[in-house]
Amino acid sequence: GNSVTQMEGPVTLSEEAFLTINCTYTATGYPSLFWYVQYPGEGLQLLLKATKADDKGSNKGFEATYRKETTSFHLEKGSVQVSDSAVYFCALSNFNKFYFGSGTKLNVKP
Amino acid sequence: NAGVTQTPKFQVLKTGQSMTLQCAQDMNHEYMSWYRQDPGMGLRLIHYSVGAGITDQGEVPNGYNVSRSTTEDFPLRLLSAAPSQTSVYFCASRITGQAMNTEAFFGQGTRLTVV
């Protein structure tokens, strides 16, 4: 079947710290992988995506690499800002459906 | 572009009441879907549609009905609300479900409380 597992939060970091949020997946076939971000009171917004193995998605200083050998898609950012505080969802798309992880809340303190 | 519009944003229902959550998109997307978001459980798919006149069940369809009479609209109906349906509901659309690399666009959400 298809499923996504991501690290539990909350993750609390100081401004300018390095961020890693782990995400692993199980899937049949060749899924596409996504990271979405949800700011308080809002819907989910696409942060980045990768559509095949070894692709790297990047946006706003965030990046993630599609690793088929380890079935992972870890999110990284070199220097977080207070404005990055949000909930981050890892997701995969296979056939007609999206499958989401449980979300990781990030708190960035000044 | 308005994108995906959901109404209402907040709703309180009494157990046993019925209501319809509205979802409309203006991007001419074939694929639309409804999710519920519960703490610690991420988003779970309720129902989805690959085009007008076609709907199918997702992971948690019980207690919900949908229809797709137009490309733009995909309403979600709660026939007899239960406290277990207290959740935040999101509608999403994408160009087509067959293109797995296309992103989904989400509405702002409807926060539903059933008392």
Side-chain angles (χ1 to χ4, degrees), chain A residues 1-10 21 23-57 59 64 66 73 86-105, chain B residues 2-7 9-10 21 23-25 27 29-51 54-61 68 87-111:
Chain A
N2 300 284
S3 66
V4 175
T5 302
Q6 60 182 106
M7 60 188 291
E8 291 189 18
I21 300 178
C23 171
T24 58
Y25 68 91
T26 302
T28 55
Y30 304 95
S32 294
L33 301 175
F34 300 79
W35 276 100
Y36 279 84
V37 59
Q38 184 182 32
Y39 298 102
E42 298 185 9
L44 279 70
Q45 305 172 26
L46 178 68
L47 182 60
L48 54 84
K49 70 178 185 182
T51 59
K52 60 183 186 297
D54 300 325
D55 267 2
K56 178 185 283 188
N59 186 27
Y66 188 165
F73 193 54
V87 181
Y88 293 81
F89 290 92
C90 184
L92 72 84
S93 172
N94 217 355
F95 304 102
N96 278 333
K97 300 176 184 176
F98 269 89
Y99 302 84
F100 287 87
S102 57
T104 301
K105 186 172 184 179
Chain B
V4 180
T5 303
Q6 289 184 237
T7 56
K9 290 187 177 180
F10 301 95
L21 279 62
C23 176
Q25 53 91 9
M27 297 173 283
H29 286 172
E30 295 177 359
Y31 183 89
M32 297 185 74
S33 53
W34 277 101
Y35 297 85
R36 58 178 290 172
Q37 182 182 25
D38 301 295
M41 302 186 75
L43 277 73
R44 293 182 292 170
L45 182 64
I46 303 171
H47 285 286
Y48 66 99
S49 168
V50 299
I54 305 170
T55 63
D56 206 346
Q57 296 182 349
E59 183 184 359
V60 288
R68 184 93 180 273
S87 187
V88 181
Y89 292 84
F90 288 100
C91 179
S93 72
R94 69 194 303 194
I95 293 175
T96 170
Q98 297 303 316
M100 292 186 290
N101 60 353
T102 61
E103 69 176 283
F105 293 81
F106 285 82
Q108 296 285 300
T110 296
R111 184 173 294 275

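Per chain, numbering begins at 1; letters A, B, ... match sequence-line order.
- The part of A:Q38 that comes within reach of chain B is its side chain, from C-beta onward, which places non-hydrogen atoms under 4.5 angstrom from that chain.
- For B:Q37, the part lying under 4.5 angstrom from a heavy atom of chain A is the side chain only.
- Within 6.0 Å of CD in A:Q45 there are more than 12 heavy atoms belonging to other residues, nucleotides or ligands.
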- Task: Verify side chain to side chain contact (heavy atoms under 4.5 Å, CB included) between A:K97 and B:Y48, making sure each step is shown before the conclusion.
- Result: CA-CA 8 Å; A:K97 300 176 184 176; B:Y48 66 99; 3.5 Å; yes
- Test side chain to side chain contact (heavy atoms under 4.5 Å, CB included) on B:R94 and A:S93 and set out the steps. CA-CA 11 Å; B:R94 69 194 303 194; A:S93 172; 3.0 Å; yes
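- Here the shortest heavy-atom pairing between B:E103 and A:F34 reads CA-CE2, 3.9 Å.
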- Could you go through the ring-ring contact (aromatic ring centres under 6.0 Å, His included) check for A:F100 and B:Y35 one step at a time? CA-CA 10 Å; A:F100 287 87; B:Y35 297 85; 5.5 Å; yes
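- Proximity to chain B is absent for every atom of A:Y99, based on heavy atoms less than 4.5 angstrom apart.
- Of the inter-residue distances, the one linking A:L46 atom CG with B:F105 atom CZ reads 8.0 Å to the nearest 0.5 angstrom.
- A pairwise comparison of heavy atoms in B:G42 and A:F89 identifies CA-CE2, 4.0 Å as the closest pair.
- Residue B:R44 qualifies as enclosed at atom CZ: its count of foreign heavy atoms under 6.0 Å is above 12.
- Note: A:S102 OG to B:L43 CG = 10.5 Å, rounded to the nearest 0.5 Å.
- For B:L45, the part sitting under 4.5 Å from any heavy atom of chain A is the side chain, from C-beta outward, and nothing else.
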